[in-house]
Amino acid sequence: MTELKLQNSLSGKKEIFTPLNPENIRIYACGPTVYNYAHIGNARMAVIFDVLANILRSTYPKVTYVSNITDIDDKIIKAAKDTKQPINKITKKYTKIYNDDMAAIGVSPPDIQPLATDNIPQMIEIINELINKGHAYVNKGHVLFNVPSFPEYGKLSGRSRDEQIAGARIEIASYKKDPADFILWKPSNNNEPAWDSPWGKGRPGWHIECSAMAERYLGLPFDIHGGGADLKFPHHENEIAQSCCAHGNKNDLSSFSRYWVHNGFVTVNGDKMSKSIGNVTLVHDLIKNHEGETLRFTLLSAHYRQPLDWSENSIKQSKQTLDKIYRNMLEISDIEIDVCMPPPKEFMNALCDDINTPKAISLLIALSKEAAKEKTTKHKSEFFAAAKILNIAQQEPNIWLGHCVCDDSINACYIDSLLQERQHARENKNYARSDEIRDKLLTMGITIEDTPNGTIWKKI
RNA sequence: GGCGCGGUGGCAGAGUGGUUAUGCAGCGGAUUGCAAAUCCGUGUACACCGGUUCGACUCCGGUCCGUGCCUCCA
């Protein structure tokens with residue numbers, strides 16, 4: 001068994017992963033706020049933690065991966081107002097789109113996908129504990145976490161309280177005792193979603209949602225907490241503050257999650273995705289023009305902590321590389337596969353070294369090449385086992401490569417008759433005619449390839 | 001302003017104190033009637049300046065450039 005090493009944001013070091021309970025590895029990753037289509041950045045996080053879950057599953061008997069849906073939030077309320085639609089219609093719509101889009105890029109659903117709105121009592125309970133322990137206070141219908149009550153605040157992001165305040169560009173709300181304090185519960189206006197609470201009708205702050213859901217579905221402490229790098233501060237910092245303080249563990253930051261894993265950003269043609277630049281790249285749009293697997297491969301082609309620049313060129317390169325892998329698979333279509341074969345050690349070593357997917361991919365290519373050459377069950381099975389961890393190259397190669405695959409725009413019988421005629425011409429060494437037929441097919445959008453087993457065609 | 005990250009060949013992108021991945025593209029060859037595909041071979045790189053070292057792309061310091069967070073954000 002290869003030792004898994006992960007860069008732990010809490011210590012800033014690459015550490016050997018030691019499970020709390022080897023019988024059940026527990027992971028939490030902050031999921032999307034469902035008020036809009038998922039973009040490629042959301043997808044990166046989903047793919048990375050999907051792969052991490054697969055790595056863990058290959059080593060441990062059980063993995064519980066929880067990733068939530070934030071279905072109550074000011075942005076959702078705003079979207080409802082702007083579109084004049086009921087909130088639950090919006091959240092249901094975008095939850096489904098998110099899950100469909102993630103499925104399209106090969107992401108398995110998390111084991112548990114809790115809704116924030118199903119966990120309001122759990123949030124209220126934590127808030128109550130925080131008030132009881134002197135870490136939170138009520139002011140004008142708001143409940144706030146008092147940051148000075150938690151001296152360890154800022155450890156995850158490496159930021160002192162004073163530094164944040166110095167850099168704060170927002171006006172300090174009047175109901176805050178300390179400028180760094182953050183909202184646990186806020187009052188709702190009329191027409192806004194509201195739940196009864198000891199502090200009046202209102203709704204939870206964003207950060208408390210994840211604290212409550214992680215605790216309820218995983219128990220404390222759990223093994224790994226993940227999310228995008230930008231969530232480190234303030235979201236994850238606040239989760240730590242809430243969860244550690246509510247349970248009287250304010251001196252033990254690992255009493256919430258033991259390891260913190262943060263993925264880097266996706267940029268688009270070198271720029272950060274933002275609405276103002278207008279370059280927010282949606283998975284929903286990408287899958288109209290690209291295979292989901294190509295998108296997944298592209299997301300895995302850079303190390304998860306590195307920035308990944310998204311461009312048509314990188315997608316194109318991924319597609320070409322996948323084509324190559326599938327062509328190698330085509331060579332071994334007839335070989336039996338042993339599903340019990342584990343992935344090669346070297347491949348797992350790469351993935352276990354802080355999820356080094358680029359290295360793993362280079363090894364996967366080598367494995368596919370070797371399997372195509374050796375043509376043994378062992379080689380093929382090893383390749384498939386490795387590919388399965390990344391959830392890459394699981395399709396029928398002929399289908400992926402588009403060989404002789406029809407759609408409405410293609411008349412397969414006509415193509416076959418042309419190919420037969422071409423074959424005839426070739427046998428009679430009438431190459432002028434055979435080339436003429438190939439050109440004709442090309443104008444129809446069909447390319448051909450002569451193989452030892454006959455001529456195959458595909459749509460361009 | 002505070003905190004952080006990064007600068008690798010035409011492109012993408014790992015990694016390492018000394019033999020310098022991998023893919024795509026290029027070039028040469030094999031194969032093919034020609035293509036395509038495949039196979040073999042091959043060139044090009046570690047921002048800059050110092051330091052440590054027998055030896056640094058890899059460690060240390062500085063410079064320049066890019067970029068992220070500090071406000072909702074994956």
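Hydrogens, waters and symmetry mates play no part in the numbers below; they use all other heavy atoms, side chains included. First the proteins, then the strands, lettered A, B, ... as listed; each starts at 1.
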Closest to the [X] side chain: [options]?
X      : options             : answer
A/P358 : B/C69, B/A35, B/A14 : B/A14
A/K324 : B/G68, B/C72, B/C24 : B/C24
A/N356 : B/G15, B/A74, B/G13 : B/G15
A/N263 : B/G33, B/A74, B/G23 : B/A74
A/H39  : B/A14, B/A74, B/G33 : B/A74

Say we look at [N] and [M]: how far apart would their [atom1] atoms be, to the nearest angstrom?
N     : M     : atom1 : answer
B/G43 : B/C34 : C1'   : 29 Å
B/G68 : B/G61 : C1'   : 24 Å
B/G10 : B/G2  : P     : 36 Å
B/C39 : B/U22 : P     : 14 Å
B/A45 : B/C57 : C1'   : 9 Å
B/G41 : B/A47 : C1'   : 32 Å
B/U67 : B/G15 : P     : 24 Å
B/U8  : B/A14 : C1'   : 10 Å

Which part of the nucleic acid, if any, lies within contact of [X], taking any heavy atom under 4.0 Å across all strands shown: a base, the sugar-phosphate backbone alone, or nothing?
X      : result
A/T447 : nothing
A/K369 : sugar-phosphate
A/G228 : sugar-phosphate
A/D74  : nothing
A/Q317 : base

Residues that [X] engages under side-chain hydrogen bond (donor to acceptor under 3.5 Å, both in side chains), provided they are two or more places apart:
X      : answer
A/Y259 : none
A/T376 : A/H379
A/T267 : A/D309
A/T95  : none

In whole angstrom, what separates [X]'s [atom1] from [N]'s [atom2]?
X      : N     : atom1 : atom2 : value
A/H262 : B/C70 : NE2   : P     : 13 Å
A/L299 : B/G13 : CG    : C1'   : 14 Å
A/N269 : B/C11 : CG    : C1'   : 14 Å
A/I361 : B/C24 : CD1   : C1'   : 13 Å
A/I315 : B/G13 : CD1   : P     : 13 Å
A/E374 : B/C39 : CD    : P     : 13 Å
A/L419 : B/A35 : CG    : C1'   : 14 Å
A/L300 : B/A74 : CG    : P     : 20 Å

For this session: Let me know, please, whether A/V266 or A/K232 comes out on the 5' side of the other along RNA chain B by nearest nucleotide.
Result: A/K232
Seminar exercise, completed: On RNA chain B, more 5' by nearest nucleotide between A/D271 and A/I448 is A/I448
How far does [atom1] of [X] sit from [atom2] of [Y], to the nearest 0.5 angstrom?
X      : Y      : atom1 : atom2 : value
A/N191 : A/I77  : CG    : CD1   : 10.5 Å
A/L286 : A/I315 : CG    : CD1   : 5.5 Å
A/K5   : A/N349 : NZ    : CG    : 8.5 Å

For this session: May I ask you to check whether A/E239 and A/S211 show a side-chain donor-acceptor distance below 3.5 Å?
Result: no
For this session: Would you kindly say whether A/N328 and A/E370 are connected by a side-chain donor-acceptor distance under 3.5 Å?
Result: no
For this session: Describe, in one word, how the ring planes of A/W260 and A/H262 are oriented to each other, choosing from parallel (under 30°), tilted (30 to 60°) and perpendicular (over 60°).
Result: parallel
Exercise. Just one of A/K440, A/R433, A/R438 clears the side-chain hydrogen bond (donor to acceptor under 3.5 Å, both in side chains) bar with A/E436, so which one?
Worked result: A/R433
Problem set entry | Donor-acceptor pair present, A/R327 side chain and B/A37 base, under 3.5 Å | no
Problem set entry | Donor-acceptor pair (no angle test) under 3.5 Å: A/D230 side chain, B/G68 base | no
Exercise. Looking at A/Y175, A/F233, A/F145, which one forms a ring pair (Phe, Tyr, Trp, His ring centres under 6.0 Å) with A/F182?
Worked result: A/F145
Exercise. Dot-bracket, RNA chain B: Watson-Crick or G-U, under 3.5 angstrom, [ ] crossing, | other strand?
Worked result: (((((((..(((.....[...))).(((((.......)))))....(((((..]....))))))))))))....
Problem set entry | Side-chain N or O of A/R426 closer than 4.0 Å to phosphate OP1/OP2 of B/G33 | no
For this session: Tell me which residues in residues 301-313 of chain A put a heavy atom below 4.0 Å from RNA chain B, sorted by number, or none.
Result: A/S301, A/A302, A/H303, A/Q306, A/N313
